[in-house]
Amino acid sequence: MRAAKLVWALALLAGTVSAEPFVDGDTVVFFGDSITHGGRYHEFVTDYYRTRFPEARIRFVNSGIGGDTCAGARPRIPVDVVEYDPTWVCFHFGMNDVSRGSYTATPTAAMLMGADAAQEAFGRDLAALVGAVRKAVPSAQCVYFTPTPYDDTAVVTNLPANAPAWARVNQVGCNTALALLSGRVLRKAKSDGALGVNWYSPLESFLMARRTKDPHYMLTSWDRVHPGALGHSIMAWEFLLAQGAPAVVSSVVLDAAKGRALSCERAAVSEVTASDGELSFTVLAEALPMPVAPEALEAAREWRVEERLNRETLRIAGLSAGDYAVDIDGGRVGVWSAVELAKGISLGFNDRTPQYRQAQLVFAKTRELTERERVLRNHHSARWFYGMCGAPVDDVAAFKAWFEQDGRNDGGHFAAFVPGYLAYWPTYRETRAALWADQERVRALAKPLPHRYAVRRMPAVSAARTSVDFNDGWRFSKDGGAARTVRLPHDWAVDGGFTLDVSGNEGHLPYPGTGIYRKTFATPDGLAAGERVWLEIDGAMSHSSVRLNGTTVSPDRPYGYVSYKVDLTDALRPRGGENELEIRLDVPPRSTRYYSGAGLFRDVRLVRV
């Protein structure tokens with residue numbers, strides 16, 4: 001049984017206490033099990049702070065150990081917590097505390113008793129662990145993360161031949177038990193006046209929504225336990241939102257008619273010039289847009305990440321009617337109408353801006369450092385495991401002798417980490433210092449640079465133009481499903497039939513989701529010098545983006561009822577070549593009080609001018 005009823009109860013417990021965002025000088029220790037040890041949520045939190053506050057020296061520390069529990073973590077406090085003199089300690093335990101082995105489709109009486117005992121023990125062990133940390137580092141503030149779900153309804157089709165025995169058994173009922181542990185975590189946070197972050201409910205809700213569309217969909221790996229990059233992205237977003245992390249990257253408002261900046265937030269505007277239908281200015285922002293893992297870009301729209309955590313906006317009033325190209329440092333980032341620019345455009349996820357590309361460099365370098373730290377955690381896990389076995393882990397020579405005589409065959413996968421530990425431990429402080437020095441170098445890469453913007457009015461479409469009906473021959477797929485041929489105008493919700501999952505105000509029509517339209521076409525013959533090829537789209541609901549031959553030629557356009565055109569010329573194949581055109585649309589749930597439409601619901605044309 002899924003723990004659906006508990007999702008709502010947990011949501012009521014979460015967020016009862018807020019916390020301030022991290023600041024310059026903070027050291028944040030993520031203290032947990034394998035979901036911390038080998039996971040990426042802390043990496044994505046680091047990405048946010050590194051790009052949002054590049055001047056702040058904030059140190060993030062992975063102190064996870066695969067297989068650990070609240071009780072097992074207490075001996076690690078001196079090395080994995082106190083050593084770093086943290087200002088914040090974030091606790092994430094539960095997946096191993098729940099006694100997963102007590103859950104099967106046919107549990108024995110002893111298993112049921114063990115499951116109940118584990119619930120009570122977790123509450124005591126968490127309190128004891130937190131108490132020991134508070135005693136050791138009394139000035140540190142605490143954050144409590146709930147366990148993540150265990151996917152006990154998945155149909156696993158990719159189990160590797162060398163999978164461990166525990167992963168070969170579906171531990172039915174474990175997910176509900178983790179929901180109960182999550183309640184204990186949130187109540188503990190509330191009683192301590194600390195921030196409690198509910199990871200269980202959003203991950204479970206996301207999984208259940210996807211599972212209704214694809215019965216084989218999994219948010220974890222084949223082991224049903226460890227979330228992938230998408231799951232860790234959601235965990236990071238939920239933490240940042242619970243923390244009250246600022247949403248604004250930068251916000252710039254200009255008046256084209258007056259040739260001046262009206263307001264700036266987290267940015268400075270200089271060298272504003274306006275003449276002959278062109279507005280130019282320089283922007284030096286205080287931050288870069290937040291990078292997001294490629295696996296999570298689709299979900300980022302559903303979570304409204306751009307609006308809630310990555311708001312980089314440009315608004316220009318006073319433009320005369322028409323379409324305007326926006327260039328940054330000489331590169332085209334998009335074409336918008338005067339109406340759209342007056343409302344404001346969002347650049348946070350526009351992959352054609354130089355600041356987006358700079359943020360991606362920071363993302364890639366942080367990924368490398370996260371992997372280096374994960375390897376260091378492998379060494380620490382050998383120390384933890386064999387320390388529990390009574391080995392003299394602090395004396396490298398004595399431990400090596402002990403391991404070769406008594407421990408080589410008893411450690412499972414931990415034995416493979418021993419050679420690394422023996423080489424690492426004598427100089428582990430120096431190794432950590434080198435890692436932190438490299439983290440500082442990556443932080444330097446996040447320093448924003450000044451960029452020159454140019455907003456130019458596009459030439460009016462002349463009477464000498466050729467327009468081709470482009471409504472036939474589209475291949476459409478929704479939410480990763482099979483593709484089928486459609487003719488435009490096309491509304492995928494009307495095609496989908498009625499459903500009670502959507503309210504009557506919205507027509508009981510299944511409009512939420514992601515739709516992709518694809519079409520191949522040949523580059524027109526006889527293009528004259530200076531002639532352009534445009535795609536005119538009369539209506540696209542909603543959050544539409546256009547890619548041609550793998551190049552983004554029009555970034556996200558949230559407004560579904562505004563017609564627009566896209567210049568395809570520079571991304572076309574040579575004369576006669578085959579082009580791959582893709583239009584992607586995302587319609588979030590509960591985005592309207594009435595039925596809005598979904599898809600390319602008006603005509604599309606290919607125009608030569």
Mark yes or no for whether [X], through its side chain, and [Y], through its backbone, hold a donor-acceptor pair below 3.5 Å.
X: R100; Y: M95; answer: yes
X: W384; Y: G72; answer: yes
X: E306; Y: F349; answer: yes
X: H37; Y: G66; answer: yes
X: Q119; Y: A177; answer: yes

Problem set entry | side-chain hydrogen bond (donor to acceptor under 3.5 Å, both in side chains) between S201 and N198, intermediate numbers included | CA-CA 6 Å; S201 295; N198 179 11; 2.8 Å; yes
For this session: Determine, step by step, whether Q141 and E20 satisfy the side-chain hydrogen bond (donor to acceptor under 3.5 Å, both in side chains) criterion, reporting the C-alpha distance in whole Å, the side-chain angles of both residues, the deciding distance to 0.1 Å, and the verdict.
Result: CA-CA 10 Å; Q141 300 186 67; E20 292 297 319; over 6 Å; no
Minimum heavy-atom separation for [X] to [Y], with atom names?
X: D24; Y: E55; result: OD1-O, 4.3 Å
X: N170; Y: D151; result: OD1-O, 4.5 Å
X: L288; Y: R52; result: O-NE, 4.3 Å
X: P448; Y: L284; result: O-CD1, 3.8 Å
X: A446; Y: P54; result: O-CB, 3.5 Å
X: W88; Y: A140; result: N-CB, 4.4 Å

Problem set entry | For E373, salt bridge (Lys or Arg N to Asp or Glu O under 4.0 Å) partners two or more places apart |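 Counting only residues at least two positions away or on another chain, E373 forms a salt bridge (Lys or Arg N to Asp or Glu O under 4.0 Å) with R432.
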For this session: Can you sort out the partners of R311 under salt bridge (Lys or Arg N to Asp or Glu O under 4.0 Å), two or more places apart, ordered by chain and number?
Result: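 Not a single residue meets the salt bridge (Lys or Arg N to Asp or Glu O under 4.0 Å) criterion with R311.
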Exercise. Just one of F30, F239, W199, Y200 clears the ring pair (Phe, Tyr, Trp, His ring centres under 6.0 Å) bar with H92, so which one?
Worked result: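 That would be W199; it is the only one of F30, F239, W199, Y200 passing the ring pair (Phe, Tyr, Trp, His ring centres under 6.0 Å) with H92.
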Exercise. Which of these, Y424, F417, Y421, F31, sits in a ring pair (Phe, Tyr, Trp, His ring centres under 6.0 Å) with H380?
Worked result: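 Per the ring pair (Phe, Tyr, Trp, His ring centres under 6.0 Å) rule, the option paired with H380 is Y424, out of Y424, F417, Y421, F31.
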For this session: Evaluate the side-chain proximity of F122 to C70: yes if any heavy-atom separation is below 4.5 Å, no if none is.
Result: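 They are in contact (side-chain heavy atoms under 4.5 Å apart), so the answer is yes.
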Exercise. Quick one: does L129's side chain get under 4.5 Å of I77's, heavy atoms only?
Worked result: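 Result yes, sub-4.5 Å side-chain heavy-atom pair found.
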For this session: Dump the intermediate steps for side-chain hydrogen bond (donor to acceptor under 3.5 Å, both in side chains) on Q243 and Y48, then the final yes or no.
Result: CA-CA 12 Å; Q243 197 182 32; Y48 169 87; over 6 Å; no
Problem set entry | Of D394, D80, D395, the residue whose pairing with R383 passes salt bridge (Lys or Arg N to Asp or Glu O under 4.0 Å) |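 With R383 as partner, salt bridge (Lys or Arg N to Asp or Glu O under 4.0 Å) holds for just one option, D394.
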Considering residues, nucleotides and ligands other than [X], do more than 12 of their heavy atoms fall under 6.0 Å from its [atom1]?
X: R74; atom1: CZ; value: no
X: R372; atom1: CZ; value: yes
X: M388; atom1: CE; value: yes

Problem set entry | Centroid separation Y41 to F145 less than 6.0 Å |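 Yes, the ring of Y41 comes within the 6.0 Å limit of the ring of F145, centre to centre.
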Atom [atom1] of [X] and atom [atom2] of [Y]: how far apart are they, to the nearest 0.5 Å?
X: R184; Y: D97; atom1: CZ; atom2: CG; answer: 11.5 Å
X: D586; Y: T514; atom1: CG; atom2: OG1; answer: 3.5 Å
X: R50; Y: I58; atom1: CZ; atom2: CD1; answer: 9.5 Å
X: M290; Y: T51; atom1: CE; atom2: OG1; answer: 7.5 Å
X: D152; Y: R224; atom1: CG; atom2: CZ; answer: 7.5 Å
X: L347; Y: N310; atom1: CG; atom2: CG; answer: 10.5 Å

Problem set entry | S34 and H226 side chains, donor-acceptor separation under 3.5 Å |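 Yes, S34 and H226 have a side-chain donor paired with an acceptor closer than 3.5 Å.
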Exercise. Is the shortest distance from a Lys or Arg side-chain nitrogen in R210 or D214 to a carboxylate oxygen in the other one below 4.0 Å?
Worked result: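 Looking at D214 together with R210, the answer is no, because their closest N to O distance does not fall below 4.0 Å.
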